[in-house]
2 protein chains.
Amino acid sequence: MATVRDVAERAGVSIATVSFVLNNTKPVTPATRDRVESAMAELGYHRNVLARALAARSTRIIALAHPRLDTGFGSEFITSASRAARARARGYHLVLWPVDNDGDEIGELVGQGLVDGVVLMEVLLEDARVDALSAAGTPFALIGRTADPAGFIHVDIDFEQSIAVALDHLQGLGHRPTVAAGRALRLPSRITAVIMMNELATFGVMTERVVPDDLSILYFGTPGLAAIANPQLTLMRAPAAILGGLGVDALIDHLETPGALPAPQLHPCTLEPGASTARPR
Amino acid sequence: MATVRDVAERAGVSIATVSFVLNNTKPVTPATRDRVESAMAELGYHRNVLARALAARSTRIIALAHPRLDTGFGSEFITSASRAARARARGYHLVLWPVDNDGDEIGELVGQGLVDGVVLMEVLLEDARVDALSAAGTPFALIGRTADPAGFIHVDIDFEQSIAVALDHLQGLGHRPTVAAGRALRLPSRITAVIMMNELATFGVMTERVVPDDLSILYFGTPGLAAIANPQLTLMRAPAAILGGLGVDALIDHLETPGALPAPQLHPCTLEPGASTARPR
DNA sequence: CTGAAAGCGCTAACAA
DNA sequence: TTGTTAGCGCTTTCAG
């Protein structure tokens, strides 16, 4: 592997100059820049990211902290995050960190100095990982929200907008809204439609009522379960692929503009028709 | 962040000694080892992986090269790979590389010196990425196989075993085997059951025949599609979660025992009953 | 068994 | 505009 030293020698300049053209950090005459650039091309030079990171105190690596056991969030989330990281002009790397919910593990990992920041998946209302990252002084972005997300970089589902779309769908079918959020143990018989956010509960309800004849169900979540159900559930699909990319983008924005706190990015679910919603009888 | 220097000072030894206990690379008196270890504990010392990597010429980071656009392989694959990497006693990191099928991009990435090896997903029979990695001299493991996999570290689906299970299932229902591999344009009417490996083709067949009354279909692949189909497909599910971990394990084994070439790990699909297979009429 | 010292490949003052 | 040089934090000979 060729090093800056080799390039410098071949171009007849100092290694500092090579670094300057590499990073565009100081003015260099077009002529010398040319010489350096062709030397790099001829040698097939690739800058060693490790050495760069050590010297520059910035690794351009970010971590995606995901649940240790797969919660079935779908590969789109991860691949979109991975693409977003590499897509930037100068390219970040994304490492995967399977971590528990207590903050110890993630604290240990950031202590290793490998990453410039962390994207945290499946954030809880009270989240020890968030505390650990704050304590360590590591920049991070949340996918989801803690109880008090103000002050944290975060991206999440736009629930308000999503609910609006969901209600619109149900009302279009002729259902009338009522306020009954929460976990009612038993569904009053006058209810003609429900919006469900919980897998298990959804299947529970489906055993008690004839869907969609007696009850329409609109399910918020990922398609896996919705597809398997019988009848196939009408789904408000979480924008997984989009959130992954947005989270990474927000974090990188922050890293490159230390002052700024990127505004929260909220993205709605999209309605995917199924057979679990219909006109009320 | 505390450094070896801080630890050495506090323990009253040289930084070399600290390194020796850190890596267990030279004998150290229990007494001094103790002093060093408590110094590390007191300072909350974490070894900087970058500096270690640069000096030791080994990063303990491996890359998972995945298709740039999500092919719906499921998150289990990636999370199991990520867990396998971190699980080892001394912990590897896994970075994600979305790459095209031509070898340029991956060649560029390994040139950066960030990783000790690469796990390659969705390997093709003729694969430019494999050539690029070979040329670069980077250790790698394949998920899948090239036309001639001998000499490459690889893990894959055990097709032989899987087919045996599949045939067993169909014969148990009363179908009789015939040899008709390939892509027959039209299905002879005497055929009572097929094993399908291709999404599109499967749906094509389903529009032409009544399933499972006229034709039983056994589908090899991932559950996403199988679940959505009507009737729900009987599935031979690819062992994604297992292969991810096996691939990483094989690569790390190789990295830590430069001589050895880990034997190919083949793992069969598992049969998941659906409604697309039945007794022939 | 322990320490001194020379790097790993690069960045970034500071000088020239 | 370019070069000299001192690190970044660690590993690893080579002496002692």
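Each chain gets a letter, A, B and so on, in the order the sequences are listed, and its residues count up from 1.
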Atom pair distance, as rounded to whole Å: CG in B:Leu22 and P in D:dC10: 8 Å
Salt-bridge present (A:Glu105, A:Arg129; N to O < 4.0 Å): no
Selection from D:dT13, D:dG3, D:dT11 that lies nearest to any side-chain heavy atom of A:Ser14: D:dG3
Sugar-phosphate, base or nothing in reach of B:Thr32, heavy atoms under 4.0 Å: sugar-phosphate
Atom-pair distance (CD1 on A:Ile15; P on D:dA6), nearest Å: 12 Å
Position toward the 5' end of DNA chain D (nearest nucleotide), A:Arg33 or A:Ala56: A:Arg33
Under-4.0 Å side-chain N/O to phosphate OP1/OP2 contact, A:Thr29 with D:dT2: yes
Spacing of B:Arg5 atom CZ relative to D:dG7 atom C1', expressed in whole Å: 10 Å
Touch class at under 4.0 angstrom, heavy-atom based, for A:Ala16 against every strand present: base
Selection from D:dG9, D:dT2, D:dC8 that lies nearest to any side-chain heavy atom of A:Arg57: D:dC8
Nearest-angstrom distance from the residue atom CG of B:Asn23 to C1' of D:dC10: 9 Å
A:Asn48 CG to D:dC8 P, straight-line distance once rounded to whole Å: 18 Å
Touch class at under 4.0 angstrom, heavy-atom based, for A:Val13 against every strand present: sugar-phosphate
Ion pair check, B:Arg237 and B:Glu76, cut-off under 4.0 Å: yes
Donor + acceptor pair across side chains of A:Ser82, B:His66 (<3.5 Å): yes
Residue whose closest nucleotide on DNA chain C lies nearer the 5' end, A:Phe20 versus A:Ala2: A:Ala2
CD (B:Gln112) with more than 12 external heavy atoms under 6.0 Å: yes
Distance-only donor-acceptor check, side chains B:Glu126 and B:Thr146, under 3.5 Å: no
A:Glu9 bridged to A:Arg35 by N-O distance under 4.0 Å: no
Start and end of chain A contact along DNA chain C [non-hydrogen atoms, under 4.0 Å]: C:dG9 to C:dC14
A:Ser38 and A:Asp34 side chains, donor-acceptor separation under 3.5 Å: no
